Amino acid sequence: MPERRRIPTLPARLTDRLPARLAALRTPADPGFWRSPVRGARFTAVLGVVLLVGLTLVFVTGLLSYAAYNPDLDPVNDKTPAKGWLGFYLFAWPTGPHWLYRLTQALHVTVGIVLVPVLLAKLWSVVPRLFALPPARSVGHALERLSVLLLVGGALFQFLTGLLNIQLDYLFPGSFYTLHFYGAWVFLAGFVTHVALKLPQAVRVLRSGGIRRGEPDTLAAPDPLPATLSRRGALVMVGAGSLLLLITSAGRSFDGPLRRIALLTPRGGTDQGPGPNAFQVNKTAAAVRITPADTGERWRLTVRGPVGELRFSRTELLAMEQHTAALPIACVEGWSTSDQLWRGVRLSDLAALAGYPDSPPDLFVESLQRSGSFRKAALRGNQVRDGRSLLALEVNGAPLSPDHGYPARIIVPAAPGVLNTKWVETLTFGEL
Ligand SMILES: Nc1nc2c(c(=O)[nH]1)N[C@H]1C(S)=C(S)[C@@H](COP(=O)(O)O)O[C@H]1N2
Ligand SMILES: [Mo]
């Protein structure tokens, strides 16, 4: 048997005449093809347990991120109307603590980024298995391999779409939610099956410090090359890669020196300069073609509700009772600002003017922005009701800058940035 393994495909007569090097050619289906001395059950088990914990956190915070977006509020927020029972867990996202989304989304994105080296190392450690022949030895084995396909395909797809969405300015506006949402459930199916099948083995390997005596380590190379790096050294390198990613990305959620070293943060997040409006901007006014003419003297806010349609100038809004709230902007991309001091009119006061004096209903917000995503968003009654939810006119003691949404923007505690619509033009209360 070992002989056949060494020369799997070529007939002996032919190989006799070929140079020895060529005769020793192996296909990836041959275990002897894979010769790194680093592969082995323990190496894989360590990475597997790290991924089990890390990916569980990423999955759960991902589900929360989706719920926070109010995806069940038609007609604008719902990018996955066919989700059916996959939306079973959706709930009214709370407005407190006010840093809730800042925390959950920073965990989702930062832990996801930090796990990239671990995921790649784990895939590398088991890659000989992907080529093993025959493809399936039994029905059980076939199902196991199918689950690995869902797992590997799902994980790569989720990491890729997530990273592209963060770094490449919404490569797929609108469709990102759909892709990343369904991808998550495909990944989960593979993940749960794989963990159920492999966790006992990983725990055994880690407990006993290795494979049981007499049992072969089927992940180790049968014919390894001389080692240039120990297994422990390889794990340290994976950890160092993760640490580097952590240092260059975690700062996107903090101020001070940490933000300055967050080199992987998109949208110029590292240096915002001085001034009351000097905190991170997602899309600038220029980028979405908002001109001073749109936001100048002629601008009016339209408020719709049971009383009909009301119109307010910025001066009239400033003459209403003003309230302040210290709230962050926390983007789906994982970056967030520290608390900024917003000042403006309570959404619940505007709801009262529109004809809902007691219990504010859901709210549909439209921006004067004419193209691109995030021009519209729906807020739930519980968000409108919170006294810190404002139609902000000022921030940190100064009028909003054009880039932060002048003449008026929404700010809601604990909500994802996408719901904090800038350059607001129309508020429609009730009847979403
Ligand atoms: N009209 C409009 N509002 C918008 C956006 C947009 O593109 N257009 N982007 C949203 C997103 S994704 C975020 S994270 C916040 C960012 O607010 P900031 O640029 O003031 O930090 O604004 C939100 N409001
Ligand atoms: Mo965002």
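First listed ligand is number 1; within each ligand, the first listed atom is number 1. We use all heavy atoms of the structure for the numbers below, so side chains are in, but hydrogens, waters and symmetry mates are not. Given the structure is predicted, the values throughout are model-derived calculations rather than measurements.
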Asker: Would you check whether R409 reaches within less than 4.0 Å of ligand 1, judged by its heavy atoms?
Answerer: yes

Asker: Name the one of L379, L427, V365 that satisfies side chain to side chain contact (heavy atoms under 4.5 Å, CB included) with T421?
Answerer: V365

Asker: Would you indicate which of E366, K283, Q280, Q340 comes nearest to atom 7 (O) of ligand 1 when only heavy atoms are counted?
Answerer: K283

Asker: Taking the side chain as every heavy atom from C-beta outward, state whether I329 and W335 have any atom pair closer than 4.5 Å.
Answerer: yes

Asker: Identify whether the distance between the nearest side-chain nitrogen and carboxylate oxygen of D72 and K83 falls below 4.0 Å.
Answerer: no

Asker: For the residue pair R39 and W124, would you count it as a cation-pi contact if the rule is NZ or CZ under 6.0 angstrom from the ring centre and within 45 degrees of the ring axis?
Answerer: yes

Asker: Counting each atom of ligand 1 from 1 as listed, which ones have a heavy atom of V281 under 4.0 Å away?
Answerer: 19 (O), 21 (O)

Asker: Heavy-atom pairs closer than 4.0 Å: do any link ligand 1 to the side chain of Q369, the backbone, both, or neither?
Answerer: side chain

Asker: Given R370, K422, E333, identify the one with the heavy atom nearest to atom 18 (P) of ligand 1.
Answerer: K422

Asker: Which atoms of ligand 1 are found less than 4.0 Å from any heavy atom of W423?
Answerer: 1 (N), 2 (C), 8 (N)

Asker: Which ligand 1 atoms, with their elements, are less than 4.0 angstrom from a heavy-atom of T421?
Answerer: 3 (N), 24 (N)

Asker: Hey, can you tell me if W93 and F91 have their rings parallel, tilted or perpendicular (30° and 60° cut-offs)?
Answerer: tilted

Asker: Side chain, backbone, both or neither: which part of S373 comes within less than 4.0 Å of ligand 1 when only heavy atoms are counted?
Answerer: backbone

Asker: Going by atom types only, do T27 and D30 share a side-chain donor-acceptor pair under 3.5 Å?
Answerer: no

Asker: Show me which atoms of ligand 1 lie under 4.0 Å from any heavy atom of S367.
Answerer: 1 (N)

Asker: Once you round to the nearest 0.5 Å, how far does CG of L86 lie from OH of Y66?
Answerer: 9.0 Å

Asker: Using a strict cut-off of 4.0 Å, indicate which atoms of ligand 1 neighbour a heavy atom of N420.
Answerer: 22 (O), 23 (C), 24 (N)

Asker: Would S336 and Y101 count as a side chain to side chain donor-acceptor pair (under 3.5 Å) if you check the C-alpha gap in whole Å, the side-chain angles of each, and the deciding distance to 0.1 Å?
Answerer: CA-CA 9 Å; S336 59; Y101 187 77; over 6 Å; no

Asker: Given N282, N277, V365, T337, which one has a non-hydrogen atom that is nearest to atom 11 (C) of ligand 1?
Answerer: N282

Asker: Salt bridge between E144 and K198, side-chain N to carboxylate O under 4.0 Å?
Answerer: yes

Asker: Looking only at distance, does R375 have an N or O less than 3.5 Å from an N or O of ligand 1?
Answerer: no

Asker: Which atoms from ligand 1 have a heavy atom of C331 less than 4.0 Å away?
Answerer: 14 (S)

